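Some notes on the structure that comes next.
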Amino acid sequence: MTKDVLTIQKARIGATDTALLGPLDLTLASGEALALFGPNGAGKSTLLRAIMGLEALDAGEIIFGGKQVKGGDPGRMARAGAGYVPEGRRVFPGLTARENMLAASDDPRAKRHARLEEMLALFPPLTGRLKSEAWRLSGGEQQMLAIARALMRRPKLLLLDEPSLGLAPNTAAGLFEALTAVRQSGVAILIAEQNAAAASRLASRAAVLVGGKIVAEGPAPEIAEPNSLALSLIHI
């Protein structure tokens with residue numbers, strides 16, 4: 001039986017009657033991808049930030065790797081094996097693509113460079129851009145770089161906030177192909193994504209958030225079906 005990497009129980013941010021998030025429950029196992037759907041302001045980004053330790057809970061708990069997540073300590077989560085790619089990419093613009101990736105790992109030199117080669121195999125378009133400053137990369141290349149940087153530490157859990165936002169369809173398709181390979185390697189993925197069709201091909205399960213609460217949850221292809229998703233979004 002696959003052990004859960006992430007367990008969320010009755011997690012809530014805000015007062016009971018005006019909660020920004022929750023209460024909600026979720027679990028995620030190794031090698032599993034779960035997609036979060038919902039309108040802007042539904043709480044998807046807040047949930048990812050809470051898991052990463054960037055937001056403190058007012059009630060409930062988040063368990064990652066058998067330990068409770070404490071707000072205000074994202075560095076501890078990174079060291080424990082969580083990778084986070086926020087919306088907007090946020091690469092280090094003045095560093096080259098190569099420097100962005102190497103800076104994310106504290107492994108010995110040989111291991112860092114071996115991991116960088118693995119990232120180039122996963123994201124081939126970055127191969128010819130290693131010496132380019134990150135701000136000179138295209139939007140798609142920056143997103144690949146942001147994900148590659150998060151993967152440099154070999155995380156057990158990857159948190160993604162709208163990774164396909166603003167990308168051309170072909171670029172987004174390549175990105176999701178790479179993420180499928182990441183999932184198949186055993187990394188758990190929690191992805192907030194507006195492109196429900198693409199996310200449902202990556203994820204086996206999906207949850208719909210409205211007003212900070214989960215209003216629908218189930219197999220990703222079923223949840224992402226347009227009529228089903230539309231009904232979920234008018235749940236409340």
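As the structure is a prediction and not an experimental result, all values here were calculated from the model. Just so it is clear, the values below take in all heavy atoms, side chains as well, and ignore hydrogens, waters and symmetry mates.
- Pro221 and Ser204 make their closest contact through CD-O, 4.3 Å (heavy atoms, listed as atom of the first residue, atom of the second, distance).
- Using a 4.5 Å heavy-atom threshold, the side chains of Thr180 and Glu177 count as separate.
- Side chains of Arg115 and Leu151 form a contact here, defined as non-hydrogen atoms less than 4.5 Å apart.
- Counting only heavy atoms from C-beta outward, the side chains of Leu120 and Leu130 approach each other to under 4.5 Å.
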Met77 vs Phe64, side chain to side chain contact (heavy atoms under 4.5 Å, CB included): CA-CA, chis, key distance, verdict:
CA-CA 8 Å; Met77 286 298 292; Phe64 172 62; 3.4 Å; yes
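- The distance from atom CD of Gln143 to atom CZ of Phe123, rounded to the nearest 0.5 Å, is 8.5 Å.
- Residues satisfying the salt bridge (Lys or Arg N to Asp or Glu O under 4.0 Å) criterion with Glu217, sequence neighbours excluded, are Arg205.
- Between Leu165 and Arg89, the closest heavy-atom pair is O-NH2, 2.9 Å.
- Residues Ile189 and Leu47 do not share a hydrophobic cluster, defined by chaining ILVMFWY side chains whose heavy atoms lie under 4.5 Å apart.
- A pairwise comparison of heavy atoms in Gly212 and Leu24 identifies O-CD2, 3.7 Å as the closest pair.
- The closest side-chain heavy-atom distance from Phe92 to Arg149 is below 4.5 Å.
- Checked by atom type and distance alone, the side chain of Asp4 never pairs as donor or acceptor with a backbone atom of Thr7 at under 3.5 Å.
- In the hydrophobic clustering of ILVMFWY residues, with side-chain heavy atoms under 4.5 Å counting as a link, Phe37 and Leu160 come out apart.
- Taking 4.5 Å as the limit, some side-chain heavy atom of Arg153 sits within range of a side-chain heavy atom of Arg79.
- Distance check: Ser105 OG to His113 NE2 gives 9.5 Å after rounding to the nearest 0.5 Å.
- In this structure, CD on Gln184 lies 9.5 Å from CG on Leu202, to the nearest 0.5 angstrom.
- Formation of a donor-acceptor pair under 3.5 Å by the Arg112 side chain with backbone atoms of Leu102 is found in this model.
- If you take CE on Met52 and CD1 on Ile62, they are separated by 12.0 Å, rounding to the nearest 0.5 Å.
- A continuous path of ILVMFWY side-chain contacts below 4.5 Å connects Val91 to Leu122, so both sit in one hydrophobic cluster.
- The neighbour count for Glu118 CD, taken as heavy atoms of other residues, nucleotides or ligands under 6.0 Å away, is above 12.
- Across all non-hydrogen atoms, the minimal contact from Pro155 to Ala82 is CB-C, 4.1 Å.
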Under the criterion side chain to side chain contact (heavy atoms under 4.5 Å, CB included), I'd like the reasoning laid out for Lys44 against Gln194: C-alpha separation, chi angles, the key distance, then a yes or no.
CA-CA 11 Å; Lys44 305 185 299 297; Gln194 293 289 344; 3.9 Å; yes
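- Hydrophobic clustering (side-chain heavy atoms under 4.5 Å, transitive across Ile, Leu, Val, Met, Phe, Trp, Tyr) groups Leu179 together with Leu126.
- Side-chain contact between Gln142 and Arg129 is absent, with no heavy-atom pair separated by less than 4.5 Å.
- Rounding to the nearest 0.5 Å gives a distance of 9.5 Å between CD of Glu162 and CG of Leu36.
- Here the side chains of Leu28 and Val5 are not in contact, with every heavy-atom distance at 4.5 Å or above.
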Quick one, Glu133 with Leu95, criterion side chain to side chain contact (heavy atoms under 4.5 Å, CB included). Give me CA distance, side-chain angles, the key distance, then yes/no.
CA-CA 5 Å; Glu133 292 178 325; Leu95 299 183; over 6 Å; no
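- Taking CG of Asn100 as the start and CE of Met119 as the end, the distance is 14.0 Å to the nearest 0.5 Å.
- Closest approach of Ser132 to Leu137, counting heavy atoms only: CB-CD1, 3.8 Å.
- Residues Ser30 and Ala188 come closest through the heavy atom pair CA-CB, 4.4 Å.
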Are Met152 and Asp107 close enough, and set up right, to give a side chain to side chain contact (heavy atoms under 4.5 Å, CB included), and what steps lead you there?
CA-CA 9 Å; Met152 282 293 293; Asp107 280 342; over 6 Å; no
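- Using a 4.5 Å cut-off on side-chain heavy atoms (C-beta onward), Leu6 and Leu26 make no contact.
- Ser164 and Glu193 share a donor-acceptor pair across their side chains, judged by distance under 3.5 Å alone.
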